[in-house]
Each structure stands twice: as C-alpha cells, then as structure tokens.
Visitor: 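Encoded as structure tokens, here's the structure I'll be asking about.
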Amino acid sequence: MPLAHVMWLVGCGYTDNPREIEKLSRCLAWCVVPAVVGLFLTGNIFYGGERPSIVVRMAYAAVQRSAVGVLTAFMILSLVMRAEDFQRRILEWDGWVVPSRLSYCAFLLHVDIVHAMLGARSQLAHVSFLYVIINHLGIVTLSYLLAVPCYLMVEAPFTQLNKAIFEKKFMPPTKKTM
C-alpha cells in the first residue's frame, strides 16, 4: 500500500519535485518495520478468551499474509532503488562477506548437527523460551564453526577449479604488422 500511495501521489501530479518524492519514500521505508511489528501484534486478538470463528481467522490470515508480502516487497524495492542510506549501509557492510561465504556450508551442515544434538540426549528437556534460544544459538554457532573448514577444504577449491575450467579468458586481439 505505501508504494501504491507514492505512485498515486506522483501520478495525480501532487508533486514533480524529486526531493519531495525521495523524502516521502524515505519516510515510508522507515515505516515498514514498525508496520510489520504492528501487523504481527494484531494477531494477539486470537490468543485470549473465546476463539473467533473460522471465517474470521481465515480472513485475518489472508489479509495478514498479503500485507506482509506488500511490505516486504516495498522494503526490497526501497533498498534496490536506494531510497534509504542508513539501512543500505547496514546491509552493504563488508562484514557480511564472511557469513555469506559460509552460509551454504552452514546450511548443509545444520541438519546433521540438529540430528546429532537430538540423538545425544539421554533425557527429556524442559522446553522454555530461554532453552529454545540457547539451543538455536548453539546450533547456529556450531554450524558456522564447522562451515569454516568445509568452505576452506571443499567449496573454495571447487569454486576456483570451476572458474579455471569454465571461465573464458578474453584476450585483446593483436594487430598484425606487415
């Protein structure tokens, strides 16, 4: 909806000033995160007292998924169109290079780590919010720690081999002198 609102304002001739459009899109880009949080908090109406009918729950689910999709699309569009500098600086930070290189190996390893951790249990665990957070962070940390040697010994050499085999090296044409 925010993107449609901006397009409507521009289409109706509200403003032709690029600064005004940039200012409005920057403001809307900052409103996406609180809008998503507010949208998820509206789901609290289903967790107290009497349970609403199935029609109300289905309507809410349809509207919520559509709204989250539109807000996510607007966020991606605002980042691609470089509407907001602060958010873009965080996402384009050079510190994300190492986790991005390790993410595929971590993805491949995390299922085995979860199975090993579940198989190593000898008793049932009391599930609480703190337990789930600690368990999740342990799996993520262990996945990334094991992804480092996997990346260095498997993925990086194969990437270089792939480049050496399939990448065409264009050489500038040489002039024949006569």
Side-chain angles (χ1 to χ4, degrees), residues 1-3 25-26 28-44 46-47 54 57-171:
M1 285 305 208
L3 180 62
S25 63
R26 188 172 283 164
L28 290 175
W30 274 103
C31 291
V32 169
V33 174
V36 169
V37 170
L39 191 63
F40 283 128
L41 289 177
T42 59
N44 286 337
F46 298 108
Y47 293 109
I54 188 77
R57 288 181 287 160
M58 287 174 46
Y60 175 78
V63 169
Q64 187 212 25
R65 287 187 178 99
S66 301
V68 168
V70 168
L71 290 171
T72 304
F74 181 73
M75 183 69 167
I76 291 170
L77 187 63
S78 68
L79 290 171
V80 168
M81 301 304 259
R82 298 175 180 249
E84 178 52 45
D85 292 334
F86 179 73
Q87 295 168 351
R88 194 169 40 91
R89 267 188 264 136
I90 291 172
L91 294 175
E92 291 178 357
W93 177 50
D94 290 336
W96 296 116
V97 172
V98 173
S100 70
R101 298 271 170 104
L102 297 177
S103 63
Y104 183 65
C105 288
F107 164 72
L108 293 177
L109 293 171
H110 88 279
V111 174
D112 295 327
I113 292 170
V114 169
H115 288 184
M117 287 180 74
L118 288 175
R121 285 194 188 149
S122 60
Q123 60 185 357
L124 294 176
H126 178 71
V127 177
S128 66
F129 183 73
L130 183 62
Y131 174 78
V132 171
I133 294 296
I134 290 173
N135 195 15
H136 173 73
L137 291 177
I139 290 170
V140 168
T141 304
L142 197 56
S143 297
Y144 274 94
L145 287 176
L146 292 176
V148 171
C150 181
Y151 175 79
L152 292 175
M153 291 188 292
V154 178
E155 190 176 348
F158 276 108
T159 302
Q160 295 299 322
L161 180 66
N162 193 13
K163 283 183 182 178
I165 293 173
F166 295 112
E167 189 176 273
K168 294 181 181 179
K169 301 206 182 221
F170 294 105
M171 302 188 72

Visitor: Out of curiosity, Leu102 CG to Ser143 OG, how far, rounded to the nearest 0.5 Å?
Guide: 11.0 Å
Visitor: Picking from Ile133, Ile139, Ile134, what satisfies side-chain contact (heavy atoms from CB on, under 4.5 Å) with Leu137?
Guide: Ile133
Visitor: Please tell me if the side chains of Tyr144 and Ser103 come closer than 4.5 Å, counting only heavy atoms from C-beta onward.
Guide: yes
Visitor: Out of curiosity, His136 NE2 to His110 NE2, how far, rounded to the nearest 0.5 Å?
Guide: 9.5 Å
Visitor: If you look at every heavy atom in Tyr60 and Leu39, which pair is closest and at what distance?
Guide: OH-O, 3.2 Å
Visitor: Would you indicate whether the side-chain heavy atoms of Phe40 and Val36 approach each other to under 4.5 Å?
Guide: yes
Visitor: For the CD1 atom of Ile113 and the CG atom of Leu142, what is their distance to the nearest 0.5 Å?
Guide: 4.0 Å
Visitor: Which residues pass the side-chain hydrogen bond (donor to acceptor under 3.5 Å, both in side chains) test with Arg121, not counting sequence neighbours?
Guide: Tyr131
Visitor: Rounded to the nearest 0.5 Å, how far does CZ of Phe158 lie from CD1 of Ile165?
Guide: 9.5 Å
Visitor: Has the side chain of Thr141 got a donor or acceptor atom that lies under 3.5 Å from a matching backbone atom of Gly138?
Guide: no
Visitor: For a quick test of reading the model, state the closest non-hydrogen atom pair linking Val32 to Leu71 and the distance between them.
Guide: CG1-O, 3.7 Å
Visitor: So which atom in Arg101 and which in Glu155 form the shortest heavy-atom distance, rounded to 0.1 Å?
Guide: O-OE1, 3.9 Å
